[in-house]
Amino acid sequence: MNRRPTLLAALTLTAAATLTLSACGSDDRAKNKDNDKIAGADTGEKASASPSPSDADSAGRPEISFPSDAKNVFEYEKTGDAAKDAVLKDSTLSANSVDEAILKGSTDTKALGFYNVGKALESSITYVQRYIDGGDTWIGTTRYFDYKVTLTGDNKAYVTYCSDESKSYIKNRKTKKVDRSPASSDSYVLYHTSLAKNAEGVWQTSNIGSNRGNKACQP
């Protein structure tokens, strides 16, 4: 289903980003419906689940936590390239940070501003605030898959991936009512992200865009 309101600014594509997106579609969060989902711990092998306190490390990474009824699963295999694998891990933590803010009903969480900067942070705050203003949160499981990563020099990277929201749902905080609308093509979202490595070695998401209903992500 489409569990999200429209999120995030469009990603400005460069030649390097275009290479990353070769199998995918446009770079804007299409439609005025709910958009995107995020969060979870990183994964190596194939699937991984939601965030855990162990995500904190010597770089000062904040802990990210979800309630028991919300979960993200990230499916990707480690590339064997240390830089690319670090990008992929921090990409999932950026997603986690946005969902954690929604789940906590606050745009002032530590992780949100730690893993996101610039346009990505601005649009993520706007996105989270729409949930807060609407009195909504989410439950269920979202699956992330088909990751592609491209490095540009030592400090910049582009990542594209898909999400499957067919098993995640909007929940009203006050009434506890859950919208379990059936899945459709709009349950699948294509993401384009740009990341930059900061002085502490954290790959922060600096720009993000998405295209809901993109055929590249549909089963």
Side-chain angles (χ1 to χ4, degrees), residues 2-11 27-31 33-43 48-53 55-56 61-67 69-74 87-145 147 159-165 168-171 173 187 189-196 198 202-212:
N2 342 310
R3 77 167 181 82
R4 304 302 187 135
T6 303
L7 161 72
L8 280 27
L11 175 64
D27 63 284
D28 225 330
R29 272 210 175 329
K31 304 217 171 190
K33 301 177 111 172
D34 350 65
N35 222 316
D36 122 8
K37 202 193 154 326
I38 336 187
D42 79 303
T43 168
S48 159
S50 28
S52 69
D55 289 330
R61 298 170 187 269
E63 296 180 357
I64 298 176
S65 61
F66 282 13
D69 59 358
K71 179 181 180 181
N72 293 315
V73 174
F74 298 90
V87 169
L88 288 168
K89 177 177 180 178
D90 283 345
S91 174
T92 67
L93 292 174
S94 168
N96 290 343
S97 71
V98 178
D99 268 349
E100 181 193 44
I102 293 169
L103 293 164
K104 291 187 174 181
S106 173
T107 59
D108 195 33
T109 60
K110 291 182 179 180
L112 190 62
F114 186 90
Y115 288 107
N116 304 280
V117 295
K119 291 181 180 180
L121 179 58
E122 292 173 10
S123 53
S124 294
I125 289 173
T126 299
Y127 175 56
V128 173
Q129 191 62 49
R130 292 188 64 181
Y131 271 85
I132 295 171
D133 293 345
D136 292 325
T137 184
W138 63 273
I139 64 171
T141 300
T142 296
R143 182 173 68 97
Y144 293 90
F145 61 99
Y147 277 84
V159 178
T160 65
Y161 56 92
C162 295
S163 73
D164 171 2
E165 301 176 0
S168 58
Y169 312 97
I170 291 287
K171 178 181 178 180
R173 291 183 185 276
S187 302
V189 187
L190 170 66
Y191 291 94
H192 313 314
T193 61
S194 176
L195 298 91
N198 69 13
V202 178
W203 286 92
Q204 297 173 302
T205 297
S206 57
N207 210 341
I208 182 169
S210 72
N211 178 231
R212 180 172 292 283

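Here the straight-line distance linking atom CH2 of W203 with atom OG1 of T193 works out to 11.5 Å at 0.5 Å rounding. The distance from the CD1 atom of I102 to the CH2 atom of W138 is 8.0 Å, given to the nearest 0.5 Å. Here the straight-line distance linking atom OG of S91 with atom OH of Y161 works out to 5.0 Å at 0.5 Å rounding. The SG atom of C162 lies 9.5 Å from the OH atom of Y147; values are rounded to the nearest 0.5 Å. The distance from atom CD1 of I170 to atom OG1 of T137, rounded to the nearest 0.5 Å, is 8.0 Å. Note that the CG atom of N207 and the OG atom of S123 stand 7.0 Å from one another [nearest 0.5 Å].
L112 meets the side chain to side chain contact (heavy atoms under 4.5 Å, CB included) test with S97, V98, A101, T109, N116, L121, S124, I125; sequence neighbours excluded. With sequence neighbours left out, F114 forms a ring pair (Phe, Tyr, Trp, His ring centres under 6.0 Å) with no residue at all. Residues that satisfy the side-chain hydrogen bond (donor to acceptor under 3.5 Å, both in side chains) test with K104, not counting sequence neighbours, are E100. For the side-chain hydrogen bond (donor to acceptor under 3.5 Å, both in side chains) test, residues two or more places apart in sequence or in another chain that qualify with Q129 are D133. Applying the side-chain hydrogen bond (donor to acceptor under 3.5 Å, both in side chains) test to D108 and every residue at least two apart in sequence or in another chain returns nothing.
S206 places a side-chain N or O within 3.5 Å of a backbone atom of S194 that can act as its donor or acceptor partner.
Smallest separation of non-hydrogen atoms from D136 and R173: O-NE, 3.4 Å.
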